[in-house]
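Below: the structure, in structure tokens.
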Amino acid sequence: MGIVIAFLFLAQVARAQNPAPKVRAAEDGLALTPPMGWYPWNEFGQEPQNEKLIKEIVDALISSGLKDAGYVYVGPDEGICFSRGADGKLTSNLTRYPSSLRGLGDYIHQRGLKYALYTDAGARTCSKAMPGTEDHEFEDMAAFAAWRADYLKVDWCNTQGLAHRTPAVHASARDEQDVAPAYTKLGAAQLAAGRPIVFSLCSWGVGEPWKWAASVGHLWRTTGDICSPGKADWSAAMKNTAANEKLYAAAGPGHWNDPDMLINGMDGLSDTQNRSFFSLWCMMAAPLMAGNDLRKMTASTIQILTNQEAIAINQDPLGIQGHIVRREGQAEIWAGKRLFDGSQAVLVFNSGTAPAQVDMTWSDIGSADSAALYVRNLWTHRTTGPERGGITVTVPASDVALLRLSKSRAFPLPPVIVADSYWLSFRAAGPGPQKLNGAITVRTAGSDELPLWKVRAALPPWLSVAVTRHGKSQTLSNTVSTAGLAKGLYHAVVRADNIEPVSGQPMSALYYDVDLDVADDAGN
Ligand code: GLA
């Protein structure tokens, strides 16, 4: 007893001296599950990124069913999107993006998707084709907010100039010393710009962001690039997996380890490798940013990328990253991923070139051997059991068994939230007070209805929002009243939270833009 008390006392002292770091997502409610979307880099590199390509991809996201499976963030990566004018301000590259970067964002928002953009913390982006944010942090974040970005990936190329800000003790430590201050400044600049934005840090593990970046952003790359543009690289994917697996303790709702974007559907992977790769990313609670050409996907790629049961473990609200608990030859047993309903996800991955037979006991995965567990295979969609003590799994070369184990035969799905629009645009023409209506519909692909969304942010006097439920969908009805408004443009960001009834914690935050253009004196 004395030892326990002493230990508790020490733990309390330690806590007082090292207060838990603030988690940015605890305030903005963003990325409470790993972000899902699409970025062009893995397939296309810098070329031929332009407005036409991104719009075609947006349309393919919708027609292929990826949007409904939860992939919502989309936009250009390093694709010569903007330049810096003599006044220091960023301007869109109108040759490549004739509608301007704001226009592209509107196209994306009108289709119920979210807008992702890319920049760099240094003087230039990696290819040097675009200006980086160094010394322009606040004005650039204001530009991304004005373009209505919802997600920003910030690279770490050409950052030598940041060195003078935090003098290095010795040269080899320079990167480690610079990364946190530079990204912290960018995080502050984003907050100052006033737009909620998912902040994706991309220093490839330099500066060990898993130790400090939860207070600054929502996800951070843990590794180098997963492939060169255009060709999937299985061995690089395995290298990234190994590096990312070790960092499992750092992941949680709103703060994710990012072992890089998906390579599913790219040239260079077999169907088996595609399935295994996706299973690993789901098990690691990794962001699911597809990187393939969505305009020409095989049925198998679509089936893998939209497997709702696999996505459900990635998007589980507890946000736990699974890890390797036992190795047997070339086979790995991954566990430690408890899910919201008390079940757990387990992955058996055979990284070898011959089939593997793995005897997995319940104690391997932290359960009592006496437990009677149902076993759900998330690729064959079959349930067996209940089994006591364990099971034997045979896994072909490079393949997986992705399983969910539960004391109950029911395997409910957590919510995957899809909204039909993230932008409402109103135009009041002519004089006189008018009432204009528009709506956002939100639905869940989960097993249960969600609690009612609650509008959280204070709304401007010209806007009111009412929430109604229809089964698993809810409608946020927006009413704009122009009475008393002078000619001009008005803008509001609406935040609605979906609150978990027991803990009172937001399970998800939804933001959308409402624009009002009062064309004439409408108020008199
Ligand atoms: C880095 C990043 C990639 C991509 C390129 C663009 O290499 O890690 O994901 O954004 O820059 O140049």
Next item on the list: Dump the intermediate steps for salt bridge (Lys or Arg N to Asp or Glu O under 4.0 Å) on R404 and D341, then the final yes or no.
Entry: CA-CA 11 Å; R404 205 168 139 188; D341 64 332; 3.0 Å; yes
Determine yes or no for a side-chain-to-main-chain donor-acceptor pair under 3.5 angstrom, with [X] supplying the side chain and [Y] the backbone.
| X | Y | answer |
| --- | --- | --- |
| W256 | A31 | yes |
| R195 | A149 | yes |
| D260 | R221 | no |
| Y511 | L30 | no |
| D420 | T441 | yes |
| T482 | Q434 | yes |
| K337 | I320 | yes |
| Q46 | S127 | no |
| Q474 | W453 | yes |
| D258 | L219 | no |

Item checked: Qualifying residues under side chain to side chain contact (heavy atoms under 4.5 Å, CB included), relative to A142, sequence neighbours excluded ->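 A142 satisfies side chain to side chain contact (heavy atoms under 4.5 Å, CB included) with no other residue.
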Notebook entry, point to check: Can you list the residues that meet the side chain to side chain contact (heavy atoms under 4.5 Å, CB included) rule with N257, with sequence neighbours excluded?
Noted result: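 N257: side chain to side chain contact (heavy atoms under 4.5 Å, CB included) contacts with W210, W220, T222, N244, L247, A250, A251, Q321.
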Next item on the list: For the residue pair D150 and Y422, confirm or rule out a side-chain donor-acceptor distance under 3.5 Å.
Entry: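 Judged by distance alone, the side chains do not pair up.
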Using side-chain heavy atoms (C-beta onward) and a distance below 4.5 Å, is [X] in contact with [Y]?
| X | Y | result |
| --- | --- | --- |
| K454 | L452 | no |
| M289 | K153 | no |
| D155 | T125 | no |
| K55 | L104 | yes |
| V494 | L459 | yes |
| L101 | L90 | no |
| W212 | Y183 | yes |
| N292 | L305 | yes |

Margin query: salt bridge (Lys or Arg N to Asp or Glu O under 4.0 Å) for E134 and K185? Distances and angles first, verdict last.
Written below: CA-CA 10 Å; E134 185 182 342; K185 185 172 183 187; over 6 Å; no
Note to self: The test is side-chain contact (heavy atoms from CB on, under 4.5 Å); show your working for R443 and D68 and say whether it passes.
What the structure shows: CA-CA 10 Å; R443 64 201 156 72; D68 283 347; 2.8 Å; yes
Check: Hey, do the aromatic rings of F144 and F82 have their centres closer than 6.0 Å?
Finding: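 Centroid distance F144-F82: below 6.0 Å, so yes.
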Can you name the nearest heavy-atom pair linking [X] to [Y], along with the distance?
| X | Y | result |
| --- | --- | --- |
| L413 | F340 | C-CZ, 3.9 Å |
| T33 | P317 | CG2-CA, 4.4 Å |
| L288 | C282 | CD1-SG, 4.5 Å |

Margin query: side-chain hydrogen bond (donor to acceptor under 3.5 Å, both in side chains) for D515 and W423? Distances and angles first, verdict last.
Written below: CA-CA 8 Å; D515 282 332; W423 183 43; 2.7 Å; yes
Notebook entry, point to check: Is Y97 atom OH crowded by more than 12 heavy atoms from other residues, nucleotides or ligands, each under 6.0 Å away?
Noted result: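 Correct, the count exceeds 12.
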Check: Would you find more than 12 non-hydrogen atoms of other residues, nucleotides or ligands less than 6.0 Å from R338 atom CZ?
Finding: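 Not more than 12 within 6.0 Å, no.
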Check: Yes or no on salt bridge (Lys or Arg N to Asp or Glu O under 4.0 Å) for R24 and D28, after CA distance, side-chain angles and deciding distance?
Finding: CA-CA 7 Å; R24 173 167 160 180; D28 62 28; 3.2 Å; yes
Next item on the list: Flag this pair as yes if the NZ/CZ of R111 is under 6.0 angstrom from the six-membered ring centre of Y107 and inside a 45 degree cone about the axis; otherwise no.
Entry: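 Relative to the ring axis of Y107, which defines the angle, R111 lies inside both limits.
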Notebook entry, point to check: Under the ring pair (Phe, Tyr, Trp, His ring centres under 6.0 Å) rule, what pairs show up with a residue in residues 25-81, not counting sequence neighbours?
Noted result: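 Listed by first then second residue: Y39-Y151, Y73-Y151.
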